[in-house]
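Lettering of chains follows the sequences in order, A, B, ..., and the numbering in each one begins at 1. Computed from a prediction, not measured in an experiment: that's the story for all the values here.
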Number of protein chains: 2
Amino acid sequence: MAKNHTVTLKELSKKLNISVSTVSRALNDHPDISPITVDRVKRLANELNYVPNLFAKGFRTKKTNILGVIVPNVSHIYTTTILKGILDEAELSGYRVIISESKNDETKQVEMLQTMIQFGADGILMSLAKKTSSVNKILSMLQRVPLVLFDKVSDKIPCTQIVIDEEEAAYNAVQHLIGLGKERIAILKETENSYNSEKRFAGYKRALEANNIPLKEKLILSTEDISLINGKRLTNVLLSMKKRPDAIFAITDNAAIGAIQTLNKFSIKIPEEIAVVGFSNSASATIITPSLTTVDQPGERLGRTATTYLIKEIQNPIEDLVTKTIEIKTNLVVRASTFKG
Amino acid sequence: MAKNHTVTLKELSKKLNISVSTVSRALNDHPDISPITVDRVKRLANELNYVPNLFAKGFRTKKTNILGVIVPNVSHIYTTTILKGILDEAELSGYRVIISESKNDETKQVEMLQTMIQFGADGILMSLAKKTSSVNKILSMLQRVPLVLFDKVSDKIPCTQIVIDEEEAAYNAVQHLIGLGKERIAILKETENSYNSEKRFAGYKRALEANNIPLKEKLILSTEDISLINGKRLTNVLLSMKKRPDAIFAITDNAAIGAIQTLNKFSIKIPEEIAVVGFSNSASATIITPSLTTVDQPGERLGRTATTYLIKEIQNPIEDLVTKTIEIKTNLVVRASTFKG
DNA sequence: AACGTTCCCGCAAACGTTTGCATAGTTTTT
DNA sequence: AAAAACTATGCAAACGTTTGCGGGAACGTT
């Protein structure tokens, strides 16, 4: 404890009277080394509490065992569950994780990507910033280091991408509403044609179609920022219509909660008059009254599989880059906002 | 783009016909180098897009420019705001951040600490796992690398610690209740004498004392895990008393929300009959009806200051380790659960 | 004119590890 | 018994950077 010096290969070699290279190879289970030597080396290394200098190692081998993660916002609740999955899975395979935020800023996103590569990350996990339009720079990075996209992805970037099966999730949600006898189902979506919004909208349309319910333009409301306040605002719009909807499918829990709050304000019965379903299964979904039926997204699992794929690609690099999408199934959590028990 | 080779100091030196060491010094603004040379070097470096090999650098200087962060749980909402502060501040000073979870497990916590040090983190930011009892190993790590504790801290560990001024926050919260004319104020706290719980309890007691309100043992309820469900349970206990409290101070938003839910269930008027205040200003505080008065903890600021202190200590190491606590002020957000507007 | 300073710069070692190549000793093949 | 092949090990270079030391040139001081 007192002598604060670090044990190196050279030291081990001296103590054992063998060369540094033999020690190195023994520690790395190189086939050339005899079992007895391997044993002696490992035993001493253990005893002396040898820890390899990862910098010398990384410097030499150009491998760092670091995974870079770039997300728009670390404090987004769904993101954190994904992060948890990433951290866990990475740890299992002996990787460290460095995390940074793009803050939904495209230039910052590229910057982070660059510094992470410069820093020597063995691979990158990224969830794209909103409105990521110029993918050129990202593409040029791609040939330097394996990249796996998750959650917010883009088919303009040829790499493996892990997403929630948004379309089916939305389909199931709407199907659930239809099963309750609802027919005038409004949707609260995003104006920006983000990947997620588009997919959920597609699921909505497919469910209606499958039940021969005509699409009504008036019931399709869009907003720039699909937040709680805008959920309120759009619900007010819906309530001002002569023929009100009998259900609302909000693309986001926040918007759904906004909807519930304004419905409550006007004492409209949920779900009898208007049922509501959200998307995310956020913590607030059980806080609001009535509690919110919503799509549960297995963020942790998403994080895990994204990491698994990335590590696989790091360990045996693939030659031809091609978009490969893995979809993770969700399930609908039914609560009071659609079900009177 | 095509030639995928990395520019090194040697290359620059060759192109400029000067030695490698001069190039290195020029890039690092060493005073020995003439301004003209510095300019030439920097110009070329820029042109050739030179990026230093951080591994060679870290290997040589033993500095990695990495900060390690260890928290019990990344997906805890308050934690994420702290993380945001850390990430931002670290980036400003050119540090990368690696994050991992202790999952409130003491052995895992030590493990993570070790690997981070082994990995070469220049400093560590840590929020302690619950019931961290044996601090010996942590202490022995301490002399290897600067450590700053935040949020969950312990005075058994001599280092700088950044916390919310819990005591004052609680004092203000209770003072607020007293200001409304409340006198029988119950507190929902933790059984485990965690730092946070103790401090908040102390603030509670001080406020009562300052107003000459005698402490009533019956109104002090403790639970192992201060969660939403337990908030409900304890509130039921309170309601079963012959002389009910006229206010509840819950040490946690979750517990406060549980309290509100059971009060609502029994149609007890909030705040007229019983007022409620929580602690954290979580997202759910505005979702519940009535909205919850709660203590806002400036997590981002806490993260920033913790990082600032750590970096300061990295850059000029302090000799004598001593516990030094920095407290960050909070403010009370008054909402409907204590105020009838 | 001799000396002391100051200013720039280069040489070379060092950090801890990996790895191609050489080599000594041993076993197998011819 | 000589040649070939294999086994286990060592030598030394290499990775890219920083830095102590030394020294030549230019300048200023007597």
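Just one residue in the list S102(A), S154(A), P72(A) forms a side chain to side chain contact (heavy atoms under 4.5 Å, CB included) with L128(A), and that residue is S154(A).
Side-chain atoms of T308(B) come within 3.5 Å of backbone atoms of R304(B) as a donor-acceptor pair (strictly under, hydrogens ignored). No side-chain donor-acceptor contact under 3.5 Å links E89(A) to the backbone of G303(A).
Between R60(B) and I33(B), the residue anchored nearer the 5' end of DNA chain C, judged by the nucleotide with its closest heavy atom, is I33(B). The nearest heavy atom of DNA chain C to S34(B) and to F59(B) marks one nucleotide each, and the one closer to the 5' end goes with S34(B).
The side chain of Y50(B) contributes an N or O atom lying less than 4.0 Å from OP1 or OP2 of dT17(D). For the OP1/OP2 pair of dT9(D) and a distance below 4.0 Å, the side-chain nitrogens and oxygens of T37(A) include at least one atom meeting the criterion. Under 4.0 angstrom from either OP1 or OP2 of dG10(D) there lies at least one side-chain N or O belonging to S19(A).
Here the P atom of nucleotide dG16(C) and the CG atom of N28(A) are 17 Å apart, to the nearest Å. When rounded to the nearest whole Å, the span between NZ of K14(A) and P of dG16(C) equals 11 Å. Between L9(A) atom CG and dG10(D) atom P the separation is 13 Å, expressed in whole Å. One can place CG of L16(A) at 15 Å from C1' of dG10(D), the figure rounded to the nearest angstrom. When the C1' atom of dT18(D) is taken as reference, atom CG of N65(B) falls 15 Å away, rounded to whole Å. The NZ-P distance, from K57(A) to dT19(C), rounds to 10 Å in whole Å. At whole-Å resolution of the value, NZ in K10(B) and P in dC11(C) are 14 Å apart. Atom-to-atom, CG of N17(A) to C1' of dG10(D) comes out at 13 Å; the value is rounded to the nearest Å.
A donor N or O paired with an acceptor N or O is not found under 3.5 Å between the base of dC7(C) and the side-chain atoms of D32(B).
Looking at the side chain of S24(A), the nearest of the listed nucleotides dT19(C), dG16(C), dT18(D) is dT19(C). Side-chain proximity of T8(A) to dG10(C), dT18(D), dG16(C): nearest is dG16(C). When distances are taken from the side chain of K62(A) to each of dC15(D), dC9(C), dT17(C), the shortest belongs to dC15(D). For R25(B), the side-chain atoms get nearest to dG20(D) when compared with the rest of dC15(D), dG20(D), dT18(D). Of the candidate nucleotides dG10(C), dG10(D), dT18(D), dG10(C) has the atom nearest to the side chain of I18(B). Proximity note for V20(B) (side chain, C-beta onward) versus dT18(D), dT17(C), dC11(D): the nearest is dT18(D). Picking from dC9(C), dT17(C), dG16(D) the nucleotide with the shortest atom distance to the side chain of A56(B) gives dG16(D).
Within 4.0 Å of N53(A), counting heavy atoms only, lie sugar-phosphate atoms of the nucleic acid but no base atom. Counting non-hydrogen atoms under 4.0 angstrom, S21(A) reaches a base of the nucleic acid.
To the nearest 0.5 angstrom, L83(B) atom CG is 8.5 Å from S75(A) atom OG. Taking CD1 of I86(A) as the start and OG1 of T80(A) as the end, the distance is 11.0 Å to the nearest 0.5 Å.
Checking K84(A) against N73(B) by side-chain atom types alone, a donor-acceptor pair falls below 3.5 Å.
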